[in-house]
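Worksheet: one structure, shown below.
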Amino acid sequence: MAHLSEQEINRRENLQKIIDLGINPYPSELFPVNAYAEEIKASFNPDAPDEKEVIVAGRMMSHRVMGKASFTEIQDASGRIQVYVARDLICPGEDKTLYNEVFKHYLDLGDFIGVRGTVFVTKVGEISIRATELVLLSKSLKPLPVVKVDADGVTHDAFTDPEQRYRRRYVDLVVNREIRKTFEDRTKMYNSMREYLNEKGYLEVETPVLQPLYGGAAARPFKTHHNTLDMTLYLRIANELYLKRLIVGGIDGVYEFSKDFRNEGMSRFHNPEFTQIELYVAYKDYEWMMNLVEELVEKVAIDIHQDTKVTVGDHVIDFKRPWKRYTMFEAIEHFTGIDISEMDEAALRETAKKLEIHIDGSLGKGKIIDEIFGEKCEPHLIQPTFITDYPVEMSPLAKKHRSKPGLVERFEAICNGKEICNAFSELNDPIDQRQRFEEQLELGKRGDDEAMVLDEDFLRALEYGMPPTAGLGIGMDRLAMIMTNSNSIQDVIFFPQMKPEKKQEA
RNA sequence: GACAGCGUAGCUCAGCUGGUAGAGCAACAGUCUUUUAAGCCGUGGGUCCUGGGUUCGAGCCCCAGCGCUGUCACCA
């Protein structure tokens, strides 16, 4: 039996008293809600008060008793509205128990109540409901954090402990109402993208989360075991290789919002499970895909903010097309003054050293270039910028560049110092693809534990033939952070991964 | 993983050079039929993160641990 606080004991006693009065604290039947707080306030005309009858329901969030009359505030999905509860209105007969005992003493903040009443304005000018009927819909046994906002709009006693807010998101949502907007905007982002992609006729699909081989990205996987088949399965780190199989199958435009899982460090930019959208379109190339990304992300910004400009931290980011475009070598030269385009691995290692960038011995040429870029360029790219033409070594699934040897047709969009998408002209030459996988195996042997594994079935699919295809991945959490001005990935995920809660004393 | 900071009532926090805890809100009792951080009056509520140590005495000092936060590292 968990230790109960004084207030929890109190609430349980109140619950018993309610039951003793013959009132069901958790009634089954529906409550015929027909109005919401914000809508009532918005539609009220102070010049022609019509005393309209409404039925509302929600949590009781404040309780001001003044003898035979009281004010209480109900919080519903839309917001809050004040309710005027006068004893003789909710207890028209001789029996005043409902007001004197139940309402005044046995109801607690956080209880769900239902109210029928008429809309009016108080002396002080607050649009309120004059209750004629009040019922308990669900009793709350744990006290919510009490947050109050005074007349000057100053918040008192905010519920601020980040740990508690993430662990008890349900409480956070009740008490810190403004976070709801972040999650609504996140959903708007998904809807906006779906609308755009569906309108183009692309098919939203689902592919396996449990995979016998993990592929499509460079990352360490989560490993699990299937009992009946007695085999190791991995949680997907990307869905690229499956979506390409669908392109092989003749579905010319496919996309999937996928939860991916990477068994790596956690930070304000990394959650072990996160969401990407991946999109593949046949007969297109990466140039075409850049235009799509600009159009898509600009639309998302407009759908959420009614503007291409979005405030993020200290910056105003403008997603208006067209975005700046640099090749990776141009970007490195721009920010360091060094032209690395002709360098071999040894020279690159030397350059990294000169730039004071730590390079692990196991890293190949591509990873070294990526390190230099990540260190010296990426953080400075605030406005949305395309970086194109990556070294072939770091892009084993991308097609070799049509005119620049050693490079692939790949781009990333960088925004607010972070990558928000990654795309290429997809490699569809099965012989080249096999070689690239074999190079990855070599990197793996050198100690790169994120090197890709070889997927024979995927190669078999390519051997049947895949049309030229452009592919794209967008990190939905990262984009959501930007679109909602959130500083941490935990703020755009309802239930971010946490260490297990310390077991409470039984 | 490294470094720094934090952990005191349901919530937000105070607590001096060590003398076994305080405030506001919340709760409880009373009062009040238009209040809004309602008011007035009174009351209760704490394993001061955990475990050791120093000391006559530890919320405070020391050691270890746990948890969280931040920065860095890791991380397409």
Side-chain angles (χ1 to χ4, degrees), chain A residues 3-11 13-14 61-73 80 82-89 99 104-105 108-110 120-126 128 130 141-167 171 175 216-220 237-238 262-272 274 276 358 360 366-367 369-371 373-374 378 387 390 394-398 410 412 414 418-424 449-450 452 473 475 478 487-488 490 498-503 505:
Chain A
H3 169 77
L4 293 180
S5 69
E6 182 195 24
Q7 293 191 42
E8 288 174 293
I9 292 166
N10 205 289
R11 283 171 181 241
E13 286 169 2
N14 287 341
M61 296 300 282
S62 74
H63 198 223
R64 295 182 287 277
V65 178
M66 296 162 301
K68 298 180 188 65
S70 305
F71 285 97
T72 188
E73 276 175 298
R80 286 193 188 187
Q82 178 172 266
V83 178
Y84 176 67
V85 182
R87 187 194 65 183
D88 296 336
L89 278 172
Y99 183 82
K104 275 172 73 173
H105 294 288
D108 294 297
L109 297 187
F120 76 111
V121 186
T122 65
K123 278 182 189 167
V124 207
E126 176 139 354
S128 307
R130 186 187 290 107
L141 296 181
K142 267 194 185 304
L144 289 165
V146 181
V147 179
K148 291 196 173 189
V149 181
D150 67 22
D152 301 325
V154 180
T155 302
H156 298 264
D157 302 334
F159 177 56
T160 52
D161 179 355
E163 179 186 6
Q164 293 307 324
R165 293 184 58 190
Y166 299 142
R167 286 197 194 281
V171 173
V175 160
R220 279 172 292 175
I237 58 174
R262 297 186 184 177
N263 204 343
E264 291 171 348
M266 290 164 63
S267 76
R268 70 189 183 94
F269 292 106
H270 300 85
N271 196 60
F274 64 103
Q276 290 197 92
H358 174 71
D360 192 278
K367 281 255 186 179
I369 294 171
D370 189 42
E371 286 291 325
F373 177 78
E378 204 174 45
I387 303 297
Y390 284 61
M394 58 190 290
S395 314
L397 300 168
R410 168 178 175 182
E412 291 190 0
I414 314 289
K418 279 280 165 186
E419 168 202 341
I420 56 170
C421 84
N422 182 20
F424 3 105
D449 55 3
E450 291 175 352
M452 286 186 194
R478 300 270 179 91
N487 197 41
S488 166
Q490 294 176 300
M498 306 283 284
K499 283 195 190 176
E501 202 166 0
K502 210 171 140 191
K503 195 78 181 162
E505 177 60 34

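Every chain is numbered from 1, with letters handed out A, B, ... down the list of sequences.
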**Message:** List the residues meeting side-chain hydrogen bond (donor to acceptor under 3.5 Å, both in side chains) with A/Asp108, not counting sequence neighbours, and say none if there are none.
**Reply:** A/Asn14, A/Lys139
**Prompt:** Base, sugar-phosphate, or nothing: which does A/Phe120 touch, judged by heavy atoms less than 4.0 Å apart?
**Reply:** base
**Asked** Can you tell me how far P in B/A37 sits from the matching atom in B/A26, rounded to whole Å?
**Response** 11 Å
**Request:** Would you mind reading off the distance between A/Lys148 atom NZ and B/A23 atom P, rounded to a whole angstrom?
**Result:** 18 Å
**Message:** Without decimals, in angstroms, what is the distance between A/Phe71 CZ and B/U33 C1'?
**Reply:** 9 Å
**Candidate nucleotides B/G67, B/A76, B/U69, ranked by approach to the side chain of A/Arg167 - the nearest** = B/G67
**Complete:** A/Lys68 has its side chain closest, among B/U71, B/U33, B/U69, to B/U33
**Asked** With A/Arg87, which residues qualify under side-chain contact (heavy atoms from CB on, under 4.5 Å), at least two apart?
**Response** A/Lys68, A/Lys96, A/Tyr99, A/Asn100
**Message:** Whole angstroms only, please: what is the NZ-P distance between A/Lys142 and B/A9?
**Reply:** 15 Å
**Message:** By the 4.0 Å heavy-atom rule, please label A/Glu73 as base, sugar-phosphate, or nothing.
**Reply:** nothing
**Complete:** Sorted by chain and number, sequence neighbours left out, side-chain contact (heavy atoms from CB on, under 4.5 Å) with A/Met498 holds for A/Glu163, A/Tyr166, A/Arg167, A/Gln490
**Complete:** In whole angstroms, the gap separating C1' of B/A38 from CD of A/Gln82 amounts to 10 Å
**Request:** Please state how far atom CE in A/Met266 lies from atom C1' in B/A73, giving the value in whole angstrom units.
**Result:** 16 Å
**Nearest-0.5 Å distance that lies between atom CG in A/Asn422 and atom CD in A/Glu412** = 4.5 Å
**Fill in**
Contacts satisfying side-chain hydrogen bond (donor to acceptor under 3.5 Å, both in side chains) that involve residues 144-161 of chain A (not counting sequence neighbours) are A/Asp150-A/His156
**Request:** Sequence neighbours left out, what passes salt bridge (charged side-chain N to carboxylate O under 4.0 Å, His left out) with A/Arg478? Give chain and number order.
**Result:** none
**Message:** Does A/Tyr84 contact B/U33 through a side-chain donor or acceptor facing the base, at a distance under 3.5 Å?
**Reply:** yes
**Asked** Starting at NZ of A/Lys123 and ending at P of B/U34, how long is that distance when rounded to a whole Å?
**Response** 5 Å
**Whole-Å C1' distance, B/A21 and B/G44** = 16 Å
**Request:** Any strand is fair game: report the nucleotide pairing with B/U43 by Watson-Crick or G-U wobble, both distances under 3.5 Å, or none.
**Result:** B/A27
**Request:** Counting heavy atoms from C-beta on, name the nucleotide in B/U69, B/A76, B/U34 closest to the side chain of A/Gln490.
**Result:** B/U69
**Request:** Answer with base, sugar-phosphate or nothing: what part of the nucleic acid does A/Met452 contact at a heavy-atom distance below 4.0 Å?
**Result:** base
**Prompt:** What integer distance in Å separates A/Arg165:CZ from B/U69:P?
**Reply:** 12 Å
**Asked** So which nucleotide does B/U33 pair with, by the Watson-Crick or G-U wobble rule with both distances under 3.5 Å?
**Response** none
Name the pairs: protein N/O against N/O of nucleotides 27-31 of chain B, kept only if under 3.5 Å.
residue : atom : partner : partner atom : Å
B/C28   : OP1  : A/Asn10 : OD1          : 3.4

**Item:** Contacts of type side-chain hydrogen bond (donor to acceptor under 3.5 Å, both in side chains), residue A/Tyr84, not counting sequence neighbours
**Value:** none
**Prompt:** Counting only Watson-Crick or G-U wobble pairs whose two distances fall under 3.5 Å, which nucleotide matches B/G1?
**Reply:** B/C72
**Request:** With rounding to the nearest 0.5 Å, note down the distance linking CG in A/Leu4 to CZ in A/Arg11.
**Result:** 12.5 Å
**Request:** Can you tell me the pairing partner of B/C6 across any strand shown, Watson-Crick or G-U wobble, with both distances under 3.5 angstrom?
**Result:** B/G67
**Request:** State which of B/U35, B/G10, B/U33 makes the closest approach to the side chain of A/Asp88.
**Result:** B/U33
Please enumerate all protein N or O atoms sitting under 3.5 Å from an N or O of nucleotides 11-13 of chain B, with distances to 0.1 Å.
residue : atom : partner  : partner atom : Å
B/C11   : O2'  : A/Asp157 : O            : 3.0

**Ion pair check, A/Lys142 and A/Glu8, cut-off under 4.0 Å** = yes
**Between C1' of B/C74 and CZ of A/Arg268, the distance in whole Å** = 15 Å
**Complete:** Per nearest nucleotide of RNA chain B, the residue lying toward the 5' end, A/Arg262 or A/Arg87, is A/Arg87
**Prompt:** Are any non-hydrogen side-chain atoms of A/Ile414 and A/Ile387 less than 4.5 angstrom apart?
**Reply:** yes
**Request:** Determine the Euclidean distance between corresponding C1' atoms of B/U54 and B/C60; express it in Å to zero decimal places.
**Result:** 14 Å
**Asked** Of the candidate nucleotides B/U33, B/A76, B/U69, which contains the atom at the shortest distance from the side chain of A/Tyr166?
**Response** B/U69
**Request:** Give the nucleotide from the list B/U69, B/A38, B/A76 with an atom nearest to the side chain of A/Arg64.
**Result:** B/A38
**Base-pairing mate for B/G18 - Watson-Crick or G-U, with both contacts under 3.5 Å** = none
**Prompt:** With distance as the sole criterion, do the side chain of A/Glu163 and the base of B/U69 form a donor-acceptor contact below 3.5 Å?
**Reply:** no
**Request:** Could you pull out the closest heavy-atom pair between A/Pro143 and A/Gln7, with the gap in Å?
**Result:** CB-OE1, 3.7 Å
**Message:** Please report the distance separating the C1' of B/U47 from the corresponding atom of B/G59, rounded so that it comes out in whole Å.
**Reply:** 13 Å
**Item:** B/G67 versus B/G53 - spacing of their C1' atoms, nearest Å
**Value:** 23 Å
**Message:** Work out how far the P atom of B/U12 is from that of B/C3, and round it to whole angstrom.
**Reply:** 29 Å
**Asked** Which whole number of Å gives the distance between the C1' atom of B/C63 and that of B/A58?
**Response** 15 Å
**Message:** What's the gap between B/U43 and B/G22 when it is taken at their P atoms, as a whole Å value?
**Reply:** 14 Å
**Item:** Pair partner, B/G59 [Watson-Crick or wobble, under 3.5 Å]
**Value:** none
**Fill in**
Residues at least two apart in sequence or cross-chain that pass salt bridge (charged side-chain N to carboxylate O under 4.0 Å, His left out) with A/Arg262, listed by chain then number, are none
